[in-house]
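Values in this document were obtained by computation on a predicted structure and should not be read as measured data. Every chain is numbered from 1 and lettered A, B, ... according to where its sequence line falls, protein lines coming before strand lines.
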Amino acid sequence: MSAAEAKHAGINLGDSDRETHEKAGSEIFGFWIFLMSDAVIFALLFATYGVMLRGTAGGPSAADEYRILPAFIETLILLTSSFTFGMASVAMKHGRGLRTVLAWMVITLALGLGFLAMELRDFSTMIADGALPSRNGNLSSFFALVPLHGLHVAAGCLWLAVMLVQVPCFGLDKRVKINLLRLGLFWHFLDIVWIAIFSVVYLQGLIR
Amino acid sequence: MNGAISPTILGRLEWLSLPFVRAWQNPTPDELIGAGAATIVVVGMAGTIALITALGKWRYLWRDWFTSVDHKKIGIMYVVLAFVMMSRAVVEGVLMRMQQATAINAPGIVEPDHFAQLFSTHGSIMIFFMAMPFLTGMINYVMPLQIGSRDVAFPLLNSISLWLTGGAAGLMMVSLVIGQFSTGGWSGYPPYTELEFSPDVGPDYWIWAVTLGSIGSTLSGLNFAVTIYKMRCAGMTMMRMPLFCWTTLCTSILMIFAMPPLTVATAMLALDRYLGFHFFTNDLGGNMMNYANLFWLFGHPEVYILILPAFGVYSEVVSTFSSKELYGYRSMVIATMSIAVMSFTVWLHHFFTMGQSASINAAFGIATMAIGVPTGVKIYDWIWTMFMGQVRFTVPMLYSLAFMMTFVLGGLTGIILAFPPLDYLVHNTLFLVAHFHNMLIPGLLYGMLAGYHYWFPKAFGFRLNEKWGQLAFGCWVVGFYLAFMPLYVLGAAGMARRTAEIFEPAFRPWLYVAGIGALILLAALVALFVQLWVSIREREANRVDAGDPWDGRGLEWSIAGPPPEYNFAVLPTVSGGDPFYTSKRNGDAYLPPERYENIEVPKNSVVGPLLGVFSAATGFALVWHMWWLAILGMLAIIITVIARSFIRDTHRIVSATEVERVDLAWRDKLFASRSISREMETTSANQGFAEVAA
Amino acid sequence: MSDPNQGEKDDVRGYVAGYALALALTCAAFAVVRWPSFNRITTLAIVFTLGFAQAIVHFRYFLHITLAKSARDDLWLILFSVLIIVLMVSGSLVILMNLRARMM
Ligand code: HEM
Ligand SMILES: [Cu+2]
């Protein structure tokens, strides 16, 4: 028999757990729609960032504060965390035992927290340099877009933490599995948003 | 008496925030009207609570309604919310008409600032807390039945959406009693709504009420879209769905993609007001034009969110009460989808006068006119549906006919407004106010009222009183023409919208006519309530519990009225469009199922009400800068969500024997009913069993 | 099925491939900005192209959106979202840039 049909975005459980797979179809489609709606929010913040690029009112612009190395390292951390979460999903799908799944999840969580720590350090240097969101429109738009992504990552970390409790608690039952699939979508989606931030905000601002 | 009472606990709340205190200190008519409105809210709340307590109905309400996740109950609660909010907003509309009729070279009855609150609350309520709940409730009730499903895809999320909307509506009501509402209109344009010009709590109330409401709507849209996409019964292909489901699908897609711009706009305004950001301020690189852009990125699709479900209702009603298949089903579907997509391409027509180049204006003007085409297609389809049909002038049909004629007029003035040079002349005048009421009253309100009359017997098992329905209908139509046609004249003559005092005596006769019209509209509202009262009292004579009072066409009519909580004893299988109508003709409707099975239904949940209360409390706290409460509220929301994810016991089983018992009881009633011909459907001979001409 | 672990190996391989491609693209984008060798506009175009390519890599390898028939629904949803986003973002930029230009 060939692989079961894919029913939704993200990794599909079709081959290993038919029952959850059947149910996952609409559950995950709903979450996927939510992500698309969320994508519109990010898109509009990008548009606003573009509109306000020149709204510096004689003050510093966000781009003056960008440093390429931290941004690059943050990108690498997030990419790696996407990969480790992917491994967690594969382990879950193929019944690799709770320990393996949990281990990959813990690594992902650590990477997520590391990303947040680095990002917070970036923001605090900016603020220390007087590049506050209340300084001008340009900085306002930066501080709406990038921290919103950070807030999403923080929410993802909280979600991961909750799942770290639920996996030992309930084992890999249907709802835990579906929740992990959704969390996976969320995590990978945030990565795509970050790639957009990295290219459109950081790299564009750093091109001289 | 001045200054904050207790800044740490109550934030910036002062004694003077209470309208009673203001009216006591300064008893002008204006303050007394404010205090009177607050009294109505307080007394109304207290009265309701006392009444429920006296009747001992708290348990019943809590168990059977508030915590229910049944799409039918949620739908009904949405519609109740819509009626409550509609009452307030209509009264405010009438009050504004009275003000303008009396304020010709005179101060009138309310102060300008109060007038500004009136149009802001009227507009915000009508759009976010009357129209949206009404259509969301209608969709909730009807759509799952029409596609042959047991519920929506995410029943708990549905309850959460309801309670977020309810909490937001609660904030609107609280603003009458504590503090005041925004004076910035339903669109809340900065820089006027920025701290610099509106330092009071008004815009904050607006921001949080609208934000909560829009989050609720986004979640509803998501829920409906997944339901239609994944939960249709066997054989119900997309092209066999009733048209109402198609309009629901398109409305849901619009909600999913068009609510985010609103959320972004209000959130940025909040950042400006709370954290000193500079998105829309005059100084420091702010760009208030971006607000208009974002707001209307939402605002234009929003009008189609409002109108499409009504189009769906009309399609059902016209086809049922003409006893004919909907003409041009395919063209209707295509038209609905084109409207949905095109509605994202025209937002600029709301700010033609902002100063962008003529070619940009021209592009958006042409796009706007193009939307008229699919709408025109629909009108022709409805006309052809009636042509040679067995048309019955029941109340829903009357609304549909009034809609067709009135809406076309509004569409014509819309084409005028879509033409930028003409728009420059009438922009921001009463011409525009006349235009959008001319679209929204027939295109939304009549549609929802038609649906209300049409599906009421399904939801409650008895018909609404026909006479009072006709009276209410007459008042809505006559009142509408009298109240709004004069505004075209006034607008063309240059009278600006949102004006509290008028200095042009020539406007007097028109304003008087409009005032009389508004009073007739108020009478229409009263007639609706009387109708409900009378119908409940006469319910025994008008029972249609067999479930099919209008010789209906879709699956929703194939079950009892009201349906059991799991809707279908056995999930239906369909083999064509208008499935129930066809199977009645083929003689295979009402076939008893071979066997009954256990049915799994979701358990009630307190999560919805809890989230509604917590988010309203958070909103209130943010309005008044009670930071401790805001933090507490947000924590409570997060904890509730997490705690819920640990609950595994979320479903219960309705046993096959119970299903069988209920189904057989209904069948007994059904076959004991007398089948009636269409001439008798508005008489008490109608027991909900349609005679099928062979 | 010949090898019961074949499915798992394929899945792992997919993630590894995605990760490797994503890393390569990110590093390339980083490199063209860190060690500038083109003019501003070209660099920007390269960065955006690489970013776009990387988004597609993520969709393909991490979110498993493919052209296979069964994944079409998700693909349609993404394409529709992209259409709406392009309309909104490009419209906003055109309108507001035009306004700015006319106010200068
Ligand atoms: C039923 C009777 C109604 C009456 C008597 C009424 C009356 C009014 C009046 C007098 C105004 C203010 C016009 C001005 O700016 O000078 C107004 C504004 C408005 N109305 Fe109504 N209206 C009614 C129904 C509706 C309905 C059904 C809707 C929408 C579903 C609606 C939506 C609005 C909106 C959005 C505004 C603009 C508020 C603003 O300026 O920010 N109205 N209406
Ligand atoms: Cu519009």
* Asked: Rounded to the nearest 0.5 Å, what separation is found between the OG atom of S37(A) and the CG atom of L219(B)?
  -> 8.5 Å

* To do: May I ask you to name which of T48(A), V51(A), L139(A), N138(A) has the most heavy-atom pairs under 4.5 Å with chain B?
  => T48(A)

* **Engaged part of Y229(B) at the chain A interface, taking heavy atoms whose separation is under 4.5 Å** => side chain

* State whether the side chain of S140(A) and the backbone N or O of F277(B) hold a donor-acceptor pair below 3.5 Å, judged by distance alone. => no

* **Part of R54(A) lying under 4.5 Å from any heavy atom of chain B** => neither

* To do: First locate atom CG of L222(B), then atom CZ of F29(A), and finally report the distance between them rounded to the nearest 0.5 Å.
  => 9.0 Å

* Considering all heavy atoms of both residues, which atom of R648(B) and which atom of Q166(A) are nearest to each other, and what is their separation? -> NH2-OE1, 3.8 Å

* To do: Output the option from M259(B), K230(B), M268(B), M255(B) having the highest count of non-hydrogen pairs under 4.5 Å with chain A.
  => K230(B)

* Partner chain B: residue of A155(A), S134(A), G58(A) with the largest heavy-atom pair count (under 4.5 Å) -> S134(A)

* Which portion of L294(B) sits near chain A, non-hydrogen atoms under 4.5 angstrom -> side chain

* side chain to side chain contact (heavy atoms under 4.5 Å, CB included) assessment of V264(B) paired with V40(A) -> CA-CA 9 Å; V264(B) 169; V40(A) 174; over 6 Å; no

* Beyond-backbone contact of T218(B) with F34(A), side-chain heavy atoms, under 4.5 angstrom -> no

* To do: Could you grab the distance from atom CG of D283(B) to atom CG of N136(A), nearest 0.5 Å is fine?
  => 10.5 Å

* To do: Would you mind checking which part of F170(A) comes under 4.5 Å of any heavy atom in chain B, side chain (CB onward), backbone (N, CA, C, O), both or neither?
  => side chain

* Structure fact -> If one checks every heavy atom of S645(B) against chain A at 4.5 Å, the contacting part turns out to be both

* Asked: Between L44(A) and P260(B), which heavy-atom pair has the shortest distance, and what is it?
  -> CD1-C, 4.4 Å

* chain A heavy atoms under 4.5 Å from L275(B): which part of the residue, side chain, backbone, both or neither? -> backbone

* To do: Check each atom of T650(B) against the heavy atoms of chain A and say whether the ones under 4.5 Å are side chain, backbone, both or neither.
  => side chain

* For each of G286(B), A265(B), P261(B), tally heavy-atom pairs with chain A at distances under 4.5 Å, and name the one with the top tally. => P261(B)

* Part of N287(B) within contact of chain A (heavy atom distance under 4.5 Å) -> both

* Under a 4.5 Å heavy-atom cut-off, does chain B meet the side chain of L132(A), its backbone, both or neither? -> neither

* To do: Might you point out which heavy atoms bring G285(B) and A57(A) nearest each other, and give the distance in Å?
  => N-CB, 3.8 Å

